[in-house]
Undergrad: 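Structure provided below as C-alpha cells; questions to follow.
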Amino acid sequence: MSTFFQQVVNGISLGSTYAVFAMGCTLIFGVLNIVNMAQGALFMGGAYLGLEAARLGLPAPLALVVALLGGGVLGVLSDLIVFRTLRARGGHRWMGLVASLALARVMVGLAQEIFGTQVQRYPPSAFLSIAWEIGGVRIQLLQVVIVVVSVVLMALLAITLQRSSTGRAIRTVAFSEDVARIVGVPVGRTIMATFFLAGALAGAAGMLLGNLFNVVSPFMGDQMLVKGLTVIILGGLGNVPGAVAGGFLLGLIEVFSVAYVSSSFRDAIGFGLIFLILLVKPTGLFSRVEDRRA
Amino acid sequence: MLEVRNLRAGYGAVDVLEGISLSVPTGACVCLLGANGAGKTTTLSAICGLIPASSGEILLEGREIRRLRMETVVRRGVSLVPEGRRVVANMTVEDNLLVGAYTRGDDQVGSDLEAVYRRFGRLHQRRKQLAGSMSGGEQQMLAIGRALMARPRLLLLDEPSMGLAPQVVNDIFRTIREINEAGTTVLLVEQNARKALSVASYGYVLETGRISFEGSADTLLKSSQVVEAYLGDAS
Ligand SMILES: Nc1ncnc2c1ncn2[C@@H]1O[C@H](COP(=O)(O)OP(=O)(O)OP(=O)(O)O)[C@@H](O)[C@H]1O
Ligand SMILES: [Mg+2]
C-alpha cells in the first residue's frame, strides 16, 4: 500500500510540471490555433537559463524568475521570427509548423554548442533535499515546492486570463480577430502577449522538471512537446483547466506504469491510455460546447 | 464630426464603393439606407479602418483617419456596433462589456459599466451569463453596450434591428435616440428605412456603391423614389 501512495506523491509532483507546460501549449495550440513546434525548445531553454542562474549563485526563487522571464522572451522571439512574419505574408498554419520546427532545431543546436551534449545537473541544495517519511511514503521538500510553485503558476494564469484586460483581449482574439479589431484590441500585440505567457510557462516547467529529475539536456524539450500536445488533446483543446487535469493524469499514469508494469512501457501505456480515453470522449475530458471557437 | 469624400474601398482588387461622399455633423443622427449588397457594411468598415480604403478622404473632426488601424480609430472616438452583433459568445456579458473598454486608460470604466447596466437592466441580470446563450435582442443590447464602453463620440451602427421582433426593434431604436440625445453622434445603417428615418434627421441612399439620393428625413419620406424602393412594405 505504501508503494501505491508513494506513486501518488511522485505522480502528482511530476504531473504538476506537465500541467504547467501543457497550460502554455493549450494557449498557443488551442486558444490561438497556432502550431508552434518550438514550444518544447522553450521548455529546454528555461531549464538551461534557470540552471545558469543557479550556477551564478542566484537563490532558487530568483533562478525560477529567470527561467520564467527567459522562456517568455524566447516565446516572444518565436512569434516575431516565425509567426508574425508568416502572418504578414498570409502564410497558412502548416508553414508555421515547418518554420517553428526549424526554429526549435536551431535552439537545440545552439544549446548543444553552448552547453555541450552531456546531461547537466543543478547545484545540490541541502535545503531542497530535506525529506520526510510518513508511513513508508517518502516526500521530498523539492516535490512539495514544485507542486506549490505549479499551483501558484496555475492560479496566476487563471487570474490573468479571467480578470485582466490582457486576458479578455486574448480570449477575444481567440474568438475572432475581427471582433478584437472592432473593439480596438491590437491583435498582433495580444498574440505576442500570449506567446510570452506560454513561453514563460514552458520555461518555468523546464526548470521545475530539470530539478525534479535533476537532469538538463538539449533534447529534453522534444519528448515534452509530444507530451504537451497529448495532454491538451486529452484536456480539450484550448481548455486551461483541462490542460491542468490532463497534466496530472499523464504524470500519474506514467509513474504507475513504471511502478507496476515496466519502465520500457511507460510512454506506450501513457499514450495508449489517452488514446482509449479519447475513443470514449473524442472532444477531450473537459470540453464544453461553448468552449469551442466560433 | 465625420466627413467622407470620394471614398473608394472594397475587397481585393475590386472596389465595392465607387467614390461615396457623406457628412455626419456633430450631434446629428444620420442614416445610410440601401438594399442588400449595396455596400453599407463596406462603408462602415472602411470608415473605421476594418478594411483599407483605396482612395478618398475620411476626416474625423477635420483630421484624416483613412490610413489608421481600427484600434487607433477606436481611440480617436469611433465605435462600431457590427452587423450580426458579433458578441464574444464564450465570454460572459460583463467581460464583453469590459473588453469594449480595452482602449481606455482612465479610471471611470467601473462607473460606465454601471451606466450601461442602468440603461440595459437585462444585461445587469445576466452579467455572469455567457453572451452566446442570450436572445438576439439581448445580444444587440450587449453589442451596443460594448461599443458605448469605449466612450465613443461617433457611434456607427450596422443594421441593429436585423432579425429582431417588432417590440425589441422599438426598444433598440428608442435606445439609439436616447444615446444620440445624450450627445453621441450617430451614423446608422438600416434596411428598416421608416424606423431609421424616425430617429435620423438626414439620410443617404446607397445603390451599388454610389450615393443615389440624399436629403433630410422629411424629404426622403416624401420622395417617391425612396418610398417605392425602401418604404414599400415597411411597417
Ligand atoms: N468579405 C468580403 N469579401 C468579398 N466581397 C465582399 C465581402 N463583403 C462584402 N462583399 C461584397 O461587397 C458588396 C457590398 O457588400 P456589403 O456587405 O457592404 O453590403 P450591405 O449593403 O451591407 O448589404 P446587407 O444589407 O446585405 O448587409 C457585395 O456585393 C458583397 O458581395
Ligand atoms: Mg451589411
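Numbers restart at 1 for each chain; the letters A, B, ... are given by sequence-line order, proteins then strands.
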Undergrad: Which distance, rounded to the nearest 0.5 Å, do you find between the CD of B:Glu94 and the CZ of A:Arg168?
TA: 8.5 Å

Undergrad: State the CZ-CD1 distance between A:Arg181 and B:Ile51, to the nearest 0.5 angstrom.
TA: 12.0 Å

Undergrad: Check the pair A:Thr172 / B:Met91 against side chain to side chain contact (heavy atoms under 4.5 Å, CB included), numbers first and verdict last.
TA: CA-CA 8 Å; A:Thr172 305; B:Met91 268 186 359; 3.6 Å; yes

Undergrad: What residue, out of B:Val73, B:Thr72, B:Leu98, has the most heavy-atom pairs lying under 4.5 Å from chain A?
TA: B:Leu98

Undergrad: Between B:Val87 and chain A, with a heavy-atom cut-off of 4.5 Å, which part of the residue counts as in contact: side chain, backbone, both or neither?
TA: backbone

Undergrad: In Å and rounded to the nearest 0.5 Å, what is the CD1 to SG distance from A:Ile182 to B:Cys48?
TA: 7.0 Å

Undergrad: More than 12 heavy atoms of other residues, nucleotides or ligands under 6.0 Å from CZ of B:Arg69: is that the case?
TA: no

Undergrad: Which one wins on heavy-atom pair count under 4.5 Å against chain A: B:Val74, B:Val88, B:Leu80, B:Thr92?
TA: B:Val88

Undergrad: Quick one: list whatever passes salt bridge (Lys or Arg N to Asp or Glu O under 4.0 Å) with B:Asp112, sequence neighbours left out.
TA: B:Arg104, B:Arg151

Undergrad: How long is the span from the OG1 atom in A:Thr190 to the OH atom in B:Tyr102, to the nearest 0.5 Å?
TA: 4.5 Å

Undergrad: What do you reckon, is CZ of A:Phe275 surrounded by more than 12 foreign heavy atoms closer than 6.0 Å?
TA: no

Undergrad: Can you tell me how far apart CD (A:Gln162) and CG (B:Asp95) are? Round to the nearest 0.5 Å.
TA: 7.0 Å

Undergrad: Go through the steps for A:Val179 and B:Arg85 under the test side chain to side chain contact (heavy atoms under 4.5 Å, CB included), then give the verdict.
TA: CA-CA 10 Å; A:Val179 171; B:Arg85 335 194 206 291; over 6 Å; no

Undergrad: Locate the shortest heavy-atom distance separating B:Thr103 from A:Gly184; write the atom from each residue and the value.
TA: CG2-O, 3.5 Å

Undergrad: Is there a side chain to side chain contact (heavy atoms under 4.5 Å, CB included) between A:Val185 and B:Val99? Walk through the geometry before answering.
TA: CA-CA 8 Å; A:Val185 165; B:Val99 84; 4.2 Å; yes

Undergrad: Could you look at B:Leu50 and say if it's the side chain, the backbone, both or neither that has a heavy atom under 4.5 Å from chain A?
TA: side chain

Undergrad: Taking all atoms of both residues into account, what is the closest heavy-atom pair of A:Asp178 and B:Arg86, and its distance?
TA: CB-NH2, 4.0 Å

